[in-house]
A.B. asks: 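Mind having a look at this structure? Questions to follow.
Throughout, numbering of the chain's residues begins at 1 and tracks the sequence. Please read these numbers as outputs of a predicted model, since none were measured by experiment.
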Amino acid sequence: MLTYPAILILVVLTDLHGVRTADWAYWGENGPDKWPGLCQTGKKQSPINIISESAIKKDLGDLKFIRYDYAFLGKVINNGHTIQVQLSNTLPIQLESQYLSSKYNLEQFHFHWGSEHTIDKYRYPLEMHLVHYDEQYGNVTAASQHENGVAVVATFFELSDKDNQAMDPILKAAKQVSAWVGSSSTSLRDKVIPHLLLPKDRTTYYTYEGSLTTPKCQESVTWFVMSETVAISEAQLKIFHNVSSPDGILSFNYRPIQAIGDREVFHHLSGYSSSRSNFSVHIYLALLCTFLIRLS
């Protein structure tokens, strides 16, 4: 039997745990307009609305997903803000690009419903963030203190009539931790292959310099937002919408769109040549001039 002092200590610790997990939220008195520091004052905040026609087209090199085709066990966590997946791996799962100065190690991935980024103001039902840190740092927390220390690959999901089987191991585990009893986790019973959670066509993406989308909103992130999408069924999406948090059912968990300011957004297109594009424009203008002269 617990003594009165022991019960009091347990209540205090439980209350402190509740404060820690609910010190920021997506709505209410701890919502985004109350997030502190850079979240309010930063000039390179995320997410943003990407205007596809305004993005600068360029061949920046394809992304290389190293060991993404391996199968991994791991754990799924309900931290009160999202469903997060941490894979158990002895060798690093890595992201490489000629656009990046280093290799980046995958630490975790998590989900936002609806999407945080929008394309031409369209919000997708779900967005996955694969969070990587520069390998010279030990983890995302350390890397987020350095310029370009973090690289996040964002993938959009669109509704489909069929279940996405690659998501099944994650969603089965998510059901087990959907109730809020404080931050909780469960082990994956089946292996996850990260490669299958990416779009089949990975030759096109948007990239820009931004921030983490949760407090402390550090402006240390290179974003890669995949242009193509992944499928998810309505029944699968509903599992995310049933996840609980300290503030009740987590009906959505996206931060409002932030101002782009004077930042450039690039659209990687494999094999794209600006000189070839300019040549096509010149040919078009020449033909138009010829046509107008003949009319006169």
A.B. asks: Between His268 and Tyr205, is the ring centre distance below 6.0 Å?
C.D. replies: yes
A.B. asks: How would you list all residue pairs meeting disulfide (SG to SG under 2.5 Å) that involve residues 153-250, not counting sequence neighbours?
C.D. replies: Cys39-Cys217
A.B. asks: Testing Phe109, Tyr254, Trp223 for ring pair (Phe, Tyr, Trp, His ring centres under 6.0 Å) with His129, which one passes?
C.D. replies: Trp223
A.B. asks: Does a donor on one side chain sit under 3.5 Å from an acceptor on the other, for Thr204 and His267?
C.D. replies: yes
A.B. asks: Does Asn78 use its side chain to pair, donor to acceptor, with the backbone of Val177 at less than 3.5 Å?
C.D. replies: yes
A.B. asks: Is there a path of hydrophobic side-chain contacts, each under 4.5 Å between heavy atoms of I/L/V/M/F/W/Y residues, joining Trp24 to Leu212?
C.D. replies: no
A.B. asks: Membership question, hydrophobic clusters at under 4.5 Å side-chain separation (ILVMFWY): are Tyr99 and Ile56 in the same one?
C.D. replies: yes
A.B. asks: Measure the CE-CD distance between Met167 and Gln165 for me, rounded to the nearest 0.5 Å.
C.D. replies: 13.0 Å
A.B. asks: State whether a side-chain donor-acceptor pair under 3.5 Å links Ser102 with Asp134.
C.D. replies: yes
A.B. asks: Hey, any chance Val230 and Leu159 share a hydrophobic cluster, counting ILVMFWY side chains that come within less than 4.5 Å of each other, even indirectly?
C.D. replies: yes
A.B. asks: For Tyr208, which of Lys44, Arg263, Glu264, His117 qualifies under side-chain hydrogen bond (donor to acceptor under 3.5 Å, both in side chains)?
C.D. replies: His117
A.B. asks: What class does the angle between the rings of Phe111 and Phe240 fall in, given that below 30° is parallel, 30 to 60° is tilted and above 60° is perpendicular?
C.D. replies: tilted
A.B. asks: Looking at Leu73 and Leu188, what are the two nearest heavy atoms and their distance?
C.D. replies: CD2-O, 3.6 Å
A.B. asks: When rounded to the nearest 0.5 angstrom, what is the spacing between OG1 in Thr82 and CE in Met128?
C.D. replies: 11.5 Å
A.B. asks: Could you tell me whether a side-chain N or O of Arg255 sits under 3.5 Å from a main-chain N or O of Glu116, the two making a donor and an acceptor?
C.D. replies: no
A.B. asks: Judged by atom type as modelled, is there a donor-acceptor pair below 3.5 Å linking the side chain of His110 to the main-chain atoms of Ile83?
C.D. replies: no
A.B. asks: Going by the angle between their ring planes, with limits at 30° and 60°, are Phe156 and Tyr124 parallel, tilted or perpendicular?
C.D. replies: parallel
A.B. asks: Given Trp27 and Phe252, is the ring-ring contact (aromatic ring centres under 6.0 Å, His included) satisfied, shown in steps?
C.D. replies: CA-CA 9 Å; Trp27 63 84; Phe252 69 92; 5.3 Å; yes
